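Notes to accompany the following structure.
Being a predicted model, the structure only gives us computed values, none of them experimental. Residue numbering restarts at 1 for every chain, and letters A, B, ... go by the order of the sequence lines.
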Amino acid sequence: DAKTTQPPSMDCAEGRAANLPCNHSTISGNEYVYWYRQIHSQGPQYIIHGLKNNETNEMASLIITEDRKSSTLILPHATLRDTAVYYCIVRVIQGGSEKLVFGKGMKLTVNP
Amino acid sequence: NAGVTQTPKFRVLKTGQSMTLLCAQDMNHEYMYWYRQDPGMGLRLIHYSVGEGTTAKGEVPDGYNVSRLKKQNFLLGLESAAPSQTSVYFCASSYAISGRYNEQFFGPGTRLTVL
């Protein structure tokens, strides 16, 4: 699996867009980018995933660069409840189980 | 639906004691997973199961055993607890639909301290 690099932390003002970067320069053509987040002491929560096209759902948008070496998770209007550790994961979608590998992630703090 | 539940929420053990952590899901998921999370680190996979009666080793399986006798339950056992097993344990489950990403749904965690 390709390695991902995220900054250790980021601050964002409430109501503003939060842009969370992730580098994955060794990503392979069949590897997807996934994002999960973990709100304090809770289990991780799936946010979004993508291969090469930009993706949007009710929680966030995922922008993947054309060369796929980096991506950005966008929370369009951050709220205090978005304060969490965000994990960027790169993985092949296998026919069997998805064994996720979580790094240290990035702590997003949304300030009032 | 309750989703993924874990029992107990907290436990303190003495070195050498044994215990079983229970994970239950009511979403009819095929796959189930056990992770551990140590302070300041991401989650690491201990064991997983791709269906009733099957189990497989993950990244850090030593010192743990698992069983999946029923589809909805996944048990994690510590036969002889060690202080190095002090951690927060998360269970997760997911569908097994071929050709698509099957997101994992996580339980609330079990905080285990081994003295």
Quick one: do [X] and [Y] end up in the same hydrophobic cluster if we chain Ile, Leu, Val, Met, Phe, Trp and Tyr together by side-chain heavy atoms under 4.5 Å apart?
X	Y	result
B:Leu21	B:Tyr33	no
B:Tyr48	B:Trp34	no
B:Met19	B:Tyr89	yes
B:Leu112	B:Leu75	no
B:Leu69	B:Ile46	no

Can you give each donor-acceptor pair under 3.5 Å made by side-chain atoms of residues 6-23 of chain A, sequence neighbours left out, with the distance rounded to 0.1 Å?
from, atom 1, to, atom 2, distance (Å)
A:Gln6, OE1, A:Cys88, N, 3.0
A:Gln6, NE2, A:Tyr86, O, 3.0
A:Asp11, OD2, A:Asn111, ND2, 3.3

> Which one, B:Gly42, B:Ala92, B:Gly109, leads in non-hydrogen pairs under 4.5 Å with chain A?
Replying inline: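 Of B:Gly42, B:Ala92, B:Gly109, B:Gly42 has the most heavy-atom pairs under 4.5 Å with chain A.
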>> For the interface with chain A, which of B:Gln6, B:Met41, B:Gln37, B:Glu30 has the highest count of heavy-atom pairs at distances below 4.5 Å?
In response: B:Gln37
>> Does any backbone or side-chain atom of B:Arg44 lie under 4.5 Å from a heavy atom of chain A? Answer side chain, backbone, both or neither.
In response: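 Looking at B:Arg44, nothing touches chain A.
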If you round to the nearest 0.5 Å, how far is [atom2] of [Y] from [atom1] of [X]?
X	Y	atom1	atom2	value
B:Phe106	A:Tyr46	CZ	OH	13.0 Å
B:Glu59	A:Phe102	CD	CZ	11.5 Å
A:Gln45	B:Gln104	CD	CD	13.5 Å

> Among residues 35-44 of chain A, which ones touch chain B with a heavy-atom distance under 4.5 Å?
Replying inline: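 The stretch touches chain B at A:Tyr36, A:Gln38, A:Ser41, A:Gln42, A:Gly43, A:Pro44.
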In residues 70-79 of chain A, what donor-acceptor pairs under 3.5 Å come from side-chain atoms, sequence neighbours left out?
from, atom 1, to, atom 2, distance (Å)
A:Ser71, OG, A:His24, NE2, 2.9
A:Thr79, OG1, A:Arg81, N, 3.3
A:Thr79, OG1, A:Asp82, OD2, 3.4

> Around atom NZ of A:Lys52, are there more than 12 heavy atoms of other residues, nucleotides or ligands at under 6.0 Å?
Replying inline: no
> What pairs meet the side chain to side chain donor-acceptor pair (under 3.5 Å) rule with one or both residues in residues 9-21 of chain B, with sequence neighbours excluded?
Replying inline: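 Applying side chain to side chain donor-acceptor pair (under 3.5 Å) to every pair that reaches into residues 9-21 of chain B, excluding sequence neighbours, yields nothing.
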